[in-house]
Amino acid sequence: MRTTQLYAPTLRETPAEAEVMSHQLLLRAGMIRKAAGGVYTYLPLAWRVLRKIETIIREEMDVAGGQELSMPIIQPAELWHETGRWDIFGEEMFRLKDRHDRSFCLGPTHEEMITSLIRNEVRSYRQLPLLLYQIQNKYRDEIRPRFGLMRGREFIMKDLYSFDKDEAGLDVSYKKMYDAYTNIFTRCGLVFRPVEADGGSIGGGFTHEFTVLADSGESEIVYCSKCDYAANVEKAELKASVQENIAEELPLKLVDTPDMKTIEAVTDFMGMDSTQSIKAVAFQNEKDEVILAFVRGDHDVNDVKLQNAVGAVTLRMADEAAIKAVGGVPGFMSPIGLTKDAKVVVDLSVMEMTNAIGGANQIDKHYCNMNPKRDFTDYLVTDLRLMCEGDPCPHCGAPVKMTRGIEAGQVFKLGTKYSESLKATFLDENGREKPLVMGCYGIGVSRTMAAAIEQNNDEYGIVWPAAIAPYQVVVIPVNAKNTEQFSIAETLYQELQAAKVEVVLDDRKERAGVKFKDADLIGYPIRITVGPKSVEEDSIEIKIRRSGEVFTYGKVDYLENVLSMLRNL
RNA sequence: CGGGGCAUGGCUCAGUUUGGUAGAGCACCUGGCUUGGGACCAGGGGGUCGCAGGUUCGAAUCCUGCUGCUCCGACCA
């Protein structure tokens with residue numbers, strides 16, 4: 001490809017709307033343009049990257065026994081009514097009606113579609129397992145699309161759905177996908193971790209997220225400093241510690257704490273540490289029932305754990321009226337002295353506390369010497385808090401570390417949730433009718449491209465891993481007027497093409513600086529510079545984008561060196 | 001959904017407070033000059049100032065309504 005032909009309008013300045021690095025660089029490198037909030041056109045360079053990622057995915061899916069198909073993006077409402085997700089998805093689903101007033105949606109995902117497809121065709125265990133996948137646009141009407149391709153309303157997803165006759169079969173399919181994903185992200189040249197995660201609303205149980213590590217990532221993960229445990233903080237389990245409390249339990253005492261509604265105010269006033277206080281957080285579920293969560297003052301409530309613990313569909317912060325209705329006093333809440341309407345959930349670590357301070361459910365008053373085991377009544381104890389750096393690993397007990405990342409893929413054991421609601425059954429070896437056991441495995445393709453940039457960039461632009469770079473090499477003749485340089489560049493260009501290298505020749509009549517800036521911005525892994533020395537001394541300059549290293553070779557041996565560099569990038 | 005902010009040429013923005021008929025830099029076109037890190041000089045093209053009303057002799061500027069974009073929040077009582 002010649003730059004004069006390439007449609008990649010680069011920008012010198014960063015458009016105001018772009019906040020995160022990948023968004024800025026995708027715009028500046030002439031790779032994407034916005035069509036509407038969260039909806040983008042992929043220009044040629046971006047499309048090449050996406051196709052490369054897709055190719056890697058296809059190869060690994062096929063090796064794992066997957067078969068690719070294509071399903072409708074426009075999906076009839078009836079299917080979604082069958083699983084109840086027409087309502088559950090709510091505002092997040094793009095809906096439309098046809099001329100006959102029939103309801104449809106733009107598929108946010110394809111569990112319904114795929115399950116309805118095979119429920120009529122798969123009748124026997126002999127036809128299983130079945131692994132089908134698609135790579136297509138999906139649609140979610142996000143409340144707040146942002147971060148460019150990271151959280152769009154239209155995005156490219158690969159989804160594979162597995163159908164097995166039993167749990168054992170699902171385990172095999174799951175393992176295949178887990179391994180395939182490990183291969184995919186490794187081949188893409190990304191630093192990532194598979195982490196244990198919460199199932200969320202897709203329903204089902206066991207799941208791993210494949211998280212591309214990047215400080216700008218939206219998900220927070222913990223990983224063990226010793227063993228291979230890694231989990232999303234939402235999921236990370238904390239076990240009851242076996243510490244022995246020697247402190248003697250003192251009698252409960254009411255103290256005045258005028259206008260001290262925060263942990264900090266109270267503990268400062270009392271000369272205590274926040275670890276000695278009990279923090280209350282009030283929620284309401286979808287039925288408007290009040291749920292009061294209690295954690296240690298220095299801890300934070302993990303609302304996913306809380307949601308699971310109380311079986312809530314949704315949770316939101318409780319309003320003041322609701323708190324008062326159950327006998328709570330905002331700012332001074334505790335499990336002591338509530339009316340019975342509230343569900344009280346207490347974190348494990350709170351139960352280990354002695355002589356703690358907490359609210360009294362009276363205005364401007366707290367209790368000292370609160371001993372949960374003695375003083376609390378009618379409550380549920382569970383693991384409720386967010387894990388912090390240094391907390392013990394649930395597997396080996398070593399302190400955990402935290403980092404951030406971008407969730408690029410997820411493997412999920414669905415079980416029979418969809419096959420039951422959609423009546424997708426088969427006959428097993430004993431002639432008994434059973435629901436198919438399903439799994440779903442997604443990769444955000446467009447998001448993976450953005451994640452790759454978040455993880456691989458510097459002050460000059462993108463630094464593509466070679467496997468997914470739009471082109472591997474750019475050839476730049478330095479002096480636009482020098483026909484000898486151009487002619488040498490042209491020869492190198494031809495030779496590289498003949499050697500099956502994806503190469504761009506920057507044949508623009510621009511000054512060297514412009515070409516260098518664009519090359520850095522677009523992030524070609526290797527830059528070949530043709531300058532005066534190439535004419536006079538037969539030397540070819542090769543610069544590695546990532547390391548900045550510069551090598552000089554002759555016209556006869558540059559090619560083999562480029563090829564070997566590409567293999568190692 | 002709540003609260004900010006913004007909307008002026010392809011991009012980044014000034015001009016709005018105090019109404020007087022639209023500007024800069026970059027980009028683009030022409031010519032010259034330059035050529036190893038986003039040059040320079042000269043000339044040129046391009047904007048119903050988001051949309052719809054209103055006030056006024058006169059509106060980018062003031063008023064009303066709408067739309068779009070964007071940021072923060074929607075967790076520690």
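Here is the naming used below: chain letters follow the sequence lines, and residue numbers restart at 1 for every chain.
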Query - Nearest-Å distance once atom C1' is located in both B/C28 and B/G47 - result: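 Going atom to atom, C1' in each nucleotide, I get 15 Å.
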Query - Separation of the C1' atoms in B/C33 and B/C40, to the nearest angstrom - result: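 To the nearest whole Å, 8 Å.
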Who does [N] pair with, Watson-Crick or G-U, both distances under 3.5 Å?
N: B/G36; result: none
N: B/C13; result: B/G23
N: B/G68; result: B/C6

Indicate, yes or no, whether a donor-acceptor pair under 3.5 Å links the base of [N] to the side chain of [X].
X: A/Arg508; N: B/G38; value: no
X: A/Glu541; N: B/G36; value: yes
X: A/Glu13; N: B/G25; value: yes
X: A/Asp518; N: B/G38; value: yes

Query - Parallel, tilted or perpendicular: rings of A/His23 and A/Tyr40 (30°, 60°) - result: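 If you compare the ring of A/Tyr40 with that of A/His23, the planes turn out perpendicular.
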Report task. Using a cut-off of 6.0 Å, state whether more than 12 heavy atoms not belonging to A/Lys555 lie near its atom NZ. Result ->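 Counting neighbours around NZ of A/Lys555, more than 12 heavy atoms of other residues, nucleotides or ligands fall under 6.0 Å, so yes.
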Base, sugar-phosphate, or nothing: which does [X] touch, judged by heavy atoms less than 4.0 Å apart?
X: A/Pro532; value: base
X: A/Ile323; value: base
X: A/Gly331; value: sugar-phosphate
X: A/Thr14; value: sugar-phosphate

Requested in this report: Report the residues that fulfil side chain to side chain contact (heavy atoms under 4.5 Å, CB included) with A/Asp507, sequence neighbours left out, ordered by chain and then residue number.
Outcome: A/Arg2, A/Thr3, A/Thr4, A/Phe486, A/Leu505
Query raised in the report: Taking the nucleotide of RNA chain B with the closest heavy atom to each, which residue, A/Lys543 or A/Asp303, is nearer the 5' end?
Result: A/Lys543
State which residues pass salt bridge (Lys or Arg N to Asp or Glu O under 4.0 Å) with [X]; sequence neighbours excluded, sorted by chain then number.
X: A/Glu142; value: A/Arg151
X: A/Asp364; value: none
X: A/Asp375; value: none
X: A/Glu484; value: none

**Report entry** Six-ring centre of A/Trp86, A/Arg95 cation under 6.0 angstrom, axis tolerance 45°
**Finding:** yes
Donor-acceptor pairs under 3.5 Å, side chain of residues 321-331 of chain A to any protein atom, not counting sequence neighbours: which ones?
{"from": "A/Lys324", "atom 1": "NZ", "to": "A/Glu320", "atom 2": "OE2", "distance (Å)": "3.2"}

Query raised in the report: Which of residues 480-494 of chain A have a heavy atom under 4.0 Å from RNA chain B?
Result: A/Lys481
Query raised in the report: So which of residues 24-34 of chain A are in contact with RNA chain B, with a heavy-atom cut-off of under 4.0 Å?
Result: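 Heavy-atom cutoff 4.0 Å gives A/Arg28, A/Lys34.
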Requested in this report: Using a cut-off of strictly less than 4.0 Å, decide whether A/Arg12 has a side-chain nitrogen or oxygen near OP1 or OP2 of B/A27.
Outcome: yes
**Report entry** Any residue meeting side-chain hydrogen bond (donor to acceptor under 3.5 Å, both in side chains) with A/Ser216, in chain and number order, not counting sequence neighbours
**Finding:**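 Scan of A/Ser216 (side-chain hydrogen bond (donor to acceptor under 3.5 Å, both in side chains), adjacent residues dropped) gives A/Glu454.
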